[in-house]
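The structure appears below as C-alpha cells.
Every heavy atom of this structure was used, including side-chain atoms; hydrogens, water molecules and symmetry mates were not. Note that ligands are numbered from 1 as they come in the structure, with each ligand's atoms numbered from 1 the same way.
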Amino acid sequence: MILLTGAAGKTGKAVLKALLAHNCDLDVCVLVRSEEQASELKRIGAAKAVIGDMNSMESYRRSMRGVKAAYHICPNMHPQEKEIGRLAIAAACEKDLEHFVYHSVLHPQAEKMPHHWNKMRVEEMLFESGLNFTILQPAPYMQNILASREIIYSEGVYRIPYPVTTSLSLVDLLDLARAVAIVISEPGHKGAIYEIVGTGGLSQLAVADHISDVLGRGVDAEEQSLEEWRRTAEKSGLGSYQVETLVMMFTYYARYGLEGNSNILSWLLNSKPSSLYNFLKSDITNEI
Ligand SMILES: NC(=O)c1ccc[n+]([C@@H]2O[C@H](COP(=O)([O-])OP(=O)(O)OC[C@H]3O[C@@H](n4cnc5c(N)ncnc54)[C@H](OP(=O)(O)O)[C@@H]3O)[C@@H](O)[C@H]2O)c1
C-alpha cells in the first residue's frame, strides 16, 4: 500500500489518478481532512482513506499502517510546512517505510521565497533521516494559468503580478503526476533528486502569444501592480501568511525568473513533456 498525503488537493488528485492508471492493482491510502474528501477519493479508486490532520503524529501513525511507501505533499503555502515534514518523516522512520518520496519545488535553495526555503529544510531532514528517499522538484504548473481563464476570455488580457518579460519554466501537472507514478512504482529511483520541468524559460509575453494562438484571438500580457494584486487577494479571504509568501514569490520571479531544464522529465517519461501550446489546446478551451 502507498500513502498519499495532501491527497484531496490539486496535486494529490492528479497523483492519485496517475498512480492508479500506471498500476490498477496498486492500493493507495489517502490522508484527507473530511468525510466528503474521503468519499470523493474512494470513488476515484483509493483503497483506503484516513481522516486526520497533517499536523498530528497520530494521523500519520494511523495512515501509515500497512504502508510500504509514501508520497508526501504538503498543503500549498502552509505556515507549518517544516513541522508537517518533520512529523511525516518521523512517522515514516517509526514505521520503517521502504521509500519516502517528497513533493518539493524547483530551486528550493531560493531563500527569498519562504515556501521554497522550507522545502529545502524538509529535504535536509530527509538526508538525515536514514530513510530511502526520492525528491521531486516541480516547476510552476501550467494549470496555474487556468485561474486567469475568465479574464482572458472577457478582457483579452493575461494579467500577472510581475513584469511581462519574466521568464518561468512550467510543467503540466499531468506529466508531473505520471513521473510520480513511475518513481513510486518502478525500481531504481531511491536516493535521487529530480527537477520536474516541462519547458525552458518562457516570458509572459510568450505565454500570452501561445494563448492567442490557441484561442485564435488577440490576448496581451499585462503586469498588475503588487498593491492591486494584494488588495484583490485580501478581499478574496486569502490568509496573511499566504499573501505575504506569494508577494515574496512574485518579487523573486520579477528579479530572477525561475528556469529549469526538461531533460530529466523527458528521461523519466521516456517522451517529451507536454508543450505549453498542447496543454492550452486541450485545457484552456474547456468549460469556463
Ligand atoms: N501550484 C504549483 O505550481 C506548484 C509547483 C510546485 C510545487 N507545488 C507544491 O505542491 C504542493 C501542493 O499544492 P496544491 O496546490 O496541490 O495544494 P492544495 O490544492 O492546496 O491541496 C492541499 C490539500 O491539503 C489539505 N490540507 C490542508 N491542511 C491540511 C491539514 N492540516 N491536514 C490534512 N490535510 C490538509 C487541503 O484540504 P482542504 O481542501 O480541506 O483545505 C487540500 O486537500 C504545495 O506544497 C506546493 O508548494 C505547487
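Considering backbone and side-chain atoms together, P138 places no N or O closer than 3.5 Å to any N or O of ligand 1. Of the N or O atoms in Q37, one or more lie within a sub-3.5 Å distance of an N or O in ligand 1. Considering backbone and side-chain atoms together, M54 places an N or O closer than 3.5 Å to an N or O of ligand 1.
Here A7 has no heavy atoms under 4.0 Å from ligand 1, in either its backbone or its side chain. Counting heavy atoms under 4.0 Å from ligand 1, residue L31 does not touch it at all. By the criterion of a heavy-atom distance under 4.0 Å, neither the backbone nor the side chain of S34 is placed next to ligand 1.
Within the listing of ligand 1, atoms 30 (C), 31 (N), 32 (N) sit less than 4.0 angstrom from a heavy atom of D53. Residue C74 has at least one heavy-atom neighbour below 4.0 Å for each of these atoms of ligand 1: 11 (C), 12 (C), 44 (C), 45 (O). Close contacts between ligand 1 and K10 involve ligand atoms 15 (O), 16 (O), 19 (O) [criterion: under 4.0 Å to a heavy atom]. Within ligand 1, counting atoms from 1 as listed, the ones closer than 4.0 Å to a heavy atom of A139 are 5 (C), 6 (C). Every atom of ligand 1 is numbered from 1 in the order shown, and the set under 4.0 Å from a heavy atom of H103 is 7 (C), 8 (N), 9 (C), 10 (O), 11 (C).
If you run side-chain hydrogen bond (donor to acceptor under 3.5 Å, both in side chains) between Q137 and each of E195, E123, K119, H107, only E123 comes through.
The existence of a salt bridge linking E83 and R86 is confirmed by a sub-4.0 Å separation between a basic side-chain nitrogen and an acidic carboxylate oxygen. One finds a salt bridge joining E244 and R230 here, because a Lys/Arg side-chain nitrogen approaches an Asp/Glu carboxylate oxygen to under 4.0 Å. With respect to R121 and E81, no salt bridge is recorded, no charged nitrogen being found less than 4.0 Å from a carboxylate O. Contact check on R62 versus E58 returns a salt bridge, with a Lys/Arg side-chain nitrogen under 4.0 Å from an Asp/Glu carboxylate oxygen.
By the 4.0 Å heavy-atom criterion, S59 is excluded from the residues contacting ligand 1. By the 4.0 Å heavy-atom criterion, K119 is counted among the residues contacting ligand 1.
Shown here is K48, whose NZ atom has more than 12 heavy atoms of other residues, nucleotides or ligands within 6.0 Å.
Side-chain contact between V67 and K95 is absent, with no heavy atoms from C-beta onward closer than 4.5 Å.
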Query raised in the report: Could you go step by step and tell me if Y141 and T11 meet the side-chain hydrogen bond (donor to acceptor under 3.5 Å, both in side chains) rule?
Result: CA-CA 10 Å; Y141 307 157; T11 310; 2.9 Å; yes

